[in-house]
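Quick notes on the structure that follows.
Numbered from 1 within each chain, the chains take letters A, B, ... in sequence-line order.
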Amino acid sequence: MALITLSVDGESHTFDAEPDMPLLYALRDHLALKNPRFGCGLAQCGACTVLMDGQPIRSCVMPVAAVTGELTTLGGLAVNGTPHVVQQAFIDEQVPFCGYCVSGWVLYAVALLERDPAPSDEAIRAAFAGLKCRCGAHSAILRAVNRAAGELQRA
Amino acid sequence: MEFDATVSRRDVLKGSGALVVAVVAPRALSQAPAGDGQQGPFWRELSPAQLDTYLAIDEQGLVTAYFGKMDMGQGVDLSIAQIVAEELHMALDDVAVVMGDTALTVNQGGASGSTGLEQGAKPLRNAAAEARRVLSELGARHLGLLMSQVGSQGGAVYALDDPTQRVSYGELLGGQHFDVKLEWNGRFGNTLDARGRETPKPSSIYETVGKPFQRRDLPGIVMGTRDYIVDVRLPGMLHGRVVRPPVAGSVPANFDSDSIAHIPGARVVHEGDYLGVVAEREWDAIKAARELDVTWTDVDAPFPEMASLYDHIREAPVVRESAGGGRAADVAPDLESFDAALARANRVIEAEYEFPFQSHASMAPACAVCDFRGDHAILWTGSQKPHYAAQGVAQLLGLPVENVRGIWVPGPGSYGRNDAGDAAMDAALMSKAAGRPVRVQGMRDEGSGWDPKGPASIHHVRASFDAAGNVTAYCFRSKGFSAGDTESNESNPSHTYAGMLTGWPDASVQRFNNPGDRYEFPNKVQYWQTIAPLLGRASPLRTAHLRDPLGPQIHFASESFVDEMAHAVNTDPIEFRLRYLEEQRDADVLRAAAERYAWQPRVAATREIRSGDVATGRGVAYTRRNNSVVAVIAEVDVNLRTGRVWPRRFVVAADQGIVVNPLWLRRTLEGNVIHGMSRTLHEEVRFSRERVTSIDWLSYPILEMADAPEEIDIVLVNRPELPPYGAGEPSTRTITPAIANAIFDATGVRLRRAPFTAERMLEALEAAAT
């Protein structure tokens with residue numbers, strides 16, 4: 001056991017945990033957060049995605065003691081209750097079916113638009129490599145990312 | 001996610017005969033359970049013959065509809081709200097829908113067979129119409145008018161000659177409940193129906209039905225605030241994990257509890273041949289399941305080599321054969337007239353198609369929570385059928401069914417009878433053994449490797465023609481594993497992994513199905529044969545319903561072969577189909593797809609090159625499932641060098657009866673196209689002689705964003721004169737044959753084994769070239 005300190009969505013948390021325990025279990029079990037969610041435990045699907053200093057990571061394989069930066073979850077994206085532009089685009093385009101996988105898609109889109117505010121179709125598809133959606137929301141996700149990019153350019 | 005386990009509204013449902021009884025607390029969401037637990041029932045049964053079972057109105061005039069099915073992410077509950085709002089002349093925002101809680105809703109069969117609206121909306125629509133009548137009567141009385149002198153609008157009853165004279169539903173009924181009998185058809189499940197004296201509105205005056213409202217649960221999903229089954233947390237809750245054998249069919253001979261003694265709170269759960277672990281923290285339960293030292297029984301490897309799967313099916317003895325439905329009595333196929341016609345034929349063609357086992361492979365392995373308290377239990381489940389799952393848990397726990405409450409909480413996707421039906425039993429069994437609430441969630445390999453599978457099958461088709469190219473006979477024969485090793489109704493523990501390992505008797509059934517089409521071929525025969533499972537009990541290849549059960553495999557064959565028939569007589573594939581489709585709805589849908597695609601009639605296999613190594617083609621498929629009619633045209637690129645198959649564009653035409661919500665009907669059809677694409681291009685359960693080896697997303701790949709089509713163009717053939725027909729699944733079955741037919745058009749090569757991986761495409765291209 002080791003004393004672990006995490007900064008998640010702007011709040012600091014300190015607790016005892018095994019250092020090799022994946023971050024996902026710290027977020028869900030120790031901090032009682034509702035997302036990210038377990039999908040595969042193998043970094044193959046993205047349902048457990050969080051941002052660390054703005055970059056998407058898979059919390060299901062990241063040892064909790066290896067976390068070095070500020071974490072942002074899907075639930076921490078909103079500012080004063082206002083959805084992030086990507087979240088708003090996902091709502092406007094009515095993207096999710098079951099929605100279980102949504103953390104990965106939204107957070108990878110946030111990171112993509114941060115570095116490339118006007119991504120090509122090819123760049124969007126490449127940015128999502130390795131993410132899974134079993135219900136088949138892919139076309140709607142593409143529409144939502146394009147909509148969000150459009151919003152950012154207008155802003 | 002915190003739950004109040006005492007929720008029940010049943011005590012207020014006892015009527016006294018008056019039209020409306022003044023009882024405080026309309027939905028009684030704070031009522032204690034009915035029984036004291038000594039004699040049961042713990043939760044009183046809701047009556048399907050009571051209006052109040054389906055609808056409640058609070059003091060603010062807000063309506064709650066109680067829906068005994070559920071939505072698996074396709075907006076069914078939204079459409080139910082639209083239908084109820086329509087009948088009550090209310091704003092959609094003022095109608096909420098409660099679903100999936102057995103204490104609050106009657107058993108309408110759960111999510112099942114795309115019947116959410118087709119069947120499930122019926123009693124809700126009727127109840128809302130009857131409520132409108134009752135409220136109008138009360139309103140007229142309140143206003144001192146006759147029924148004929150009032151109307152209703154905006155959640156209020158008003159005087160027709162002076163609309164300023166009005167009284168709201170909330171004023172009329174708030175704080176009370178309906179005590180109005182309905183005529184119930186005596187059935188539970190999908191076909192439950194009930195009606196009052198009032199007739200629902202004609203569709204010609206619909207205002208809310210037919211509009212593209214947005215799903216109301218989506219902001220919560222996207223903002224990360226919506227609860228999923230994995231978020232259920234109870235005081236004192238343990239985490240459980242199932243311990244699975246290394247060789248399918250082997251069972252624990254011995255285990256060493258000391259091997260997990262170093263893990264805090266870890267304990268073994270062992271009953272019959274069932275083995276699991278529980279621990280206080282989830283990570284500890286995971287470690288305990290991995291580290292528990294188990295000696296497993298030696299068993300013979302239960303499976304054939306995967307490469308010989310289809311030979312196994314071909315050679316296996318037939319267990320059941322029928323030309324009828326899987327749930328009906330056997331019907332002998334009329335092969336005599338077919339054989340006679342064949343003997344006279346000018347020309348005969350035949351082909352055989354092969355379709356693999358496929359996994360539900362939901363986004364996450366299933367999760368369930370059960371709190372067993374001796375005389376009663378509460379089950380939280382992501383299962384599509386919480387009413388039946390609760391009945392199954394009651395049987396497993398030895399409790400009266402009234403003493404188990406099932407609460408559905410959205411799960412990680414559901415496409416039929418996936419592993420959620422097993423997890424419910426796992427949680428119940430472990431909670432009983434541990435004496436504490438237990439949350440069970442599988443690891444990835446359990447979501448792909450141990451979920452029930454869509455059955456593998458082969459399909460042999462023959463057709464004959466006269467000298468003029470007219471079809472003279474047609475015979476379609478399926479042979480495969482039964483779809484019913486595991487029934488989708490979860491009320492019998494025999495149909496669950498835990499039940500199979502704790503002594504519940506075999507209850508598997510033998511059934512398959514025939515193509516859903518209306519081709520008027522002379523001497524047409526369709527029949528099926530099933531074979532025995534490879535491993536009878538607790539098999540990782542046990543079969544169950546997977547989205548559009550049996551549809552993709554059967555229609556891959558039937559709609560591919562219709563294309564082969566068209567090609568054999570040098571006819572355009574749409575023109576050929578229309579020649580044999582006599583019903584207007586079928587022909588209209590096919591024509592609507594052709595028109596949107598700008599389909600130019602020609603014989604297939606033009607081998608058009610788009611650019612460089614990429615050939616392009618188009619393919620069509622049509623189906624009728626129950627009352628739904630769908631036609632799909634796929635435009636597919638085939639890379640002749642790499643073998644990559646990429647369906648870049650689809651046109652989907654669908655007649656689903658009246659369109660209730662065009663936005664979510666379109667989204668639903670779009671999801672089915674992509675789900676179908678994934679199964680067509682990538683999905684095949686792999687196995688060794690000892691076990692299933694598709695255990696993650698690398699060994700069971702599904703479609704990723706790189707393969708998403710450029711465009712899915714949807715044409716809704718609206719039929720306002722018809723009821724809504726199921727859209728949740730039927731289009732799925734058209735995707736594989738549409739792609740196969742497009743590949744043939746692009747390359748002249750016919751793929752008759754799914755999935756169409758790049759490797760398989762390349763092999764077929766090379767074989768055709770030599």
message: Main chain of A/Pro96, side chain of B/Arg215: is a donor-acceptor contact present, judged purely on distance under 3.5 Å?
response: yes
message: For A/Leu42, which atoms come within 4.5 Å of any heavy atom of chain B: side chain, backbone, both, or neither?
response: side chain
- line: Applying a strict 4.5 Å limit to non-hydrogen atoms, the region of B/Ile286 in contact with chain A is side chain
Per-residue contact mode, B/Ser362 against chain A (heavy atom under 4.5 angstrom): backbone
message: Can you tell me which of B/Arg547, B/Met677, B/Met443 forms the most heavy-atom pairs within a distance under 4.5 Å of chain A?
response: B/Met443
message: Using a 3.5 Å distance criterion without hydrogens, assess whether the side chain of A/Arg37 forms a donor-acceptor pair with backbone atoms of B/Val230.
response: no
task: Check whether B/Arg666 gets within reach of chain A through its side chain, its backbone, both or neither, counting any heavy atom under 4.5 Å.
output: neither
Chain B contact via A/Leu33 - side chain, backbone, both or neither, heavy atoms under 4.5 Å: backbone
message: At a 4.5 Å cut-off on heavy atoms, which part of A/His84 comes close to chain B: side chain, backbone, both, or neither?
response: neither
field: Interface residues of residues 110-129 of chain A facing chain B - non-hydrogen atoms under 4.5 Å apart
entry: A/Arg125, A/Phe128, A/Ala129
Which side-chain N or O atoms in residues 47-57 of chain A pair as donor and acceptor under 3.5 Å with protein atoms at least two apart or in another chain?
unit_1	atom_1	unit_2	atom_2	d
A/Thr49	OG1	A/Gly46	O	2.6
A/Asp53	OD1	A/Glu70	N	2.9

A/Asn35 versus chain B, the contacting section by heavy-atom distance below 4.5 Å: side chain
field: Whether B/Trp283 and A/Tyr25 hold their rings parallel, tilted or perpendicular, with breakpoints at 30° and 60°
entry: tilted
Check: B/Arg444 side chain, A/Gly41 main-chain N or O, donor-acceptor pair, under 3.5 Å: no
A/Phe38: partners by ring pair (Phe, Tyr, Trp, His ring centres under 6.0 Å), with sequence neighbours left out: none
query: Could you name the residues of residues 137-148 of chain A that have a heavy atom within less than 4.5 Å of a heavy atom in chain B?
result: A/Ala137, A/His138, A/Ser139, A/Ala140, A/Ile141, A/Leu142, A/Arg143
